[in-house]
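Below: the structure, in structure tokens.
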Amino acid sequence: TRTINLEFPESFKVIRKELQSCLDRKLQGIKDLGLISDTKITSKRQLLGLQMDLVKQMTSGARDFETLKSVSLAAEAMKVNHGIELIETQGINSLKAYIDRIYAQASMSKTKAVKNLIMDPHFKAARALTDTAIEKGMKHPKLDALKEILTKEFTKNQCAKCIVFTQYRDTALAVQKEITDTPAIS
């Protein structure tokens with residue numbers, strides 16, 4: 001096993017920055033309501049812990065505006081955090097599919113969190129930037145790196161076999177497309 005460090009495309013950095021600003025606004029909203037003292041939540045685990053604490057408060061009878069609004073903001077934060085994870089690890093197509101699902105959910109759902117999220121200016125900007133990156137044919141640099149590694153291996157040994165693991169279906173489809181479009185591999 002070896003680690004290969006890749007350069008994150010500038011357009012991806014801008015999208016990630018918009019999503020991070022969106023996340024920061026959600027956490028600041030919870031802080032402003034007095035339910036957290038610090039907005040330095042940096043992991044999914046911390047967000048889940050925050051969400052669990054808020055739900056515990058609700059189930060123990062706290063059904064005031066601040067608690068209910070904070071639960072909604074925490075749900076929005078979870079969605080945005082997942083978007084950040086997708087742009088960093090899976091690429092632009094996975095992020096676009098996820099954002100499109102959120103917009104579809106917002107049009108059919110009664111859930112305030114999703115409806116509020118699509119109204120956030122940073123989330124809207126991330127969506128527009130994602131669409132632009134897709135139009136320009138941007139893709140995660142790991143796809144080209146994978147293609148290069150596989151091409152080298154299959155050029156050395158045409159009978160070679162490989163297994164590529166991925167966490168998301170969208171990424172698996174992108175990997176499959178890259179591999180099938182490369183004569184040395186397919």
Side-chain angles (χ1 to χ4, degrees), residues 1-23 26 41-52 74-106 108-109 113-114 117-118 122-186:
T1 302
R2 66 177 187 185
T3 301
I4 301 171
N5 293 317
L6 302 170
E7 185 63 33
F8 202 54
E10 194 59 40
S11 60
F12 285 25
K13 290 177 185 176
V14 174
I15 294 167
R16 178 179 56 195
K17 184 176 182 237
E18 287 296 340
L19 290 171
Q20 186 61 52
S21 295
C22 181
L23 176 61
K26 306 308 170 193
I41 294 177
T42 56
S43 71
K44 186 184 285 189
R45 179 180 298 236
Q46 289 173 309
L47 270 174
L48 284 168
L50 168 62
Q51 206 170 31
M52 282 189 346
E76 290 178 58
M78 285 294 295
K79 289 184 179 307
V80 175
N81 188 64
H82 185 64
I84 293 169
E85 181 182 314
L86 289 175
I87 190 67
E88 289 176 344
T89 64
Q90 306 307 307
I92 199 74
N93 292 316
S94 294
L95 177 62
K96 174 157 179 43
Y98 179 66
I99 289 174
D100 287 347
R101 285 191 299 269
I102 288 174
Y103 272 81
Q105 242 184 345
M108 296 184 294
S109 174
V114 193
L117 181 57
I118 67 166
H122 294 290
F123 195 77
K124 286 180 176 180
R127 181 187 193 198
L129 291 165
T130 299
D131 289 343
T132 301
I134 295 275
E135 289 167 11
K136 290 181 179 177
M138 297 291 300
K139 58 186 175 187
H140 201 289
K142 72 180 179 180
L143 291 172
D144 287 332
L146 175 64
K147 189 163 60 171
E148 183 181 321
I149 291 167
L150 293 176
T151 299
K152 281 181 189 175
E153 290 302 316
F154 283 100
T155 302
K156 281 193 268 181
N157 177 7
Q158 290 180 347
C159 296
K161 294 182 187 275
C162 75
I163 298 174
V164 178
F165 294 95
T166 183
Q167 189 173 355
Y168 298 100
R169 184 181 309 132
D170 294 333
T171 306
L173 294 171
V175 167
Q176 180 186 21
K177 184 180 182 327
E178 285 294 317
I179 290 172
T180 14
D181 291 349
T182 307
I185 301 171
S186 55

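The figures that follow rest on heavy atoms only: side chains count, while hydrogens, waters and symmetry mates do not.
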Shortest non-hydrogen contact from [X] to [Y]?
| X | Y | value |
| --- | --- | --- |
| G91 | F12 | CA-CE2, 4.3 Å |
| M138 | S11 | CE-OG, 3.3 Å |
| L19 | V80 | O-CG1, 3.1 Å |
| S94 | L86 | O-CD1, 3.9 Å |

(Q) Could you check whether Y98 and E85, counting side-chain N and O atoms only, form a donor-acceptor pair closer than 3.5 Å? (A) no
Q) Parallel, tilted or perpendicular for F123 and Y103, by the 30°/60° rule? A) parallel
Q: First locate atom CD of E148, then atom OG1 of T182, and finally report the distance between them rounded to the nearest 0.5 Å.
A: 11.5 Å
Q.
Could you measure the distance from the CD atom of E88 to the CG atom of L95? Nearest 0.5 Å is fine.
A. 10.5 Å
Q. Given the rule in the side-chain contact (heavy atoms from CB on, under 4.5 Å) test, do L48 and M52 qualify, once you have shown the distances and angles that lead to the verdict?
A. CA-CA 6 Å; L48 284 168; M52 282 189 346; 5.6 Å; no
Q.
Whether the side chain of K142 engages the backbone of T89 through a donor-acceptor N/O pair (distance < 3.5 Å, no angle test) should be reported.
A. yes
Q. K139 pairs by salt bridge (charged side-chain N to carboxylate O under 4.0 Å, His left out) with which of D170, D144, D181?
A. D144
Q) Do E153 and K156 meet the salt-bridge criterion of a basic N to acidic O distance under 4.0 Å? A) yes
Q: For the residue pair H140 and N93, establish whether any side-chain heavy-atom pair is separated by less than 4.5 Å.
A: no
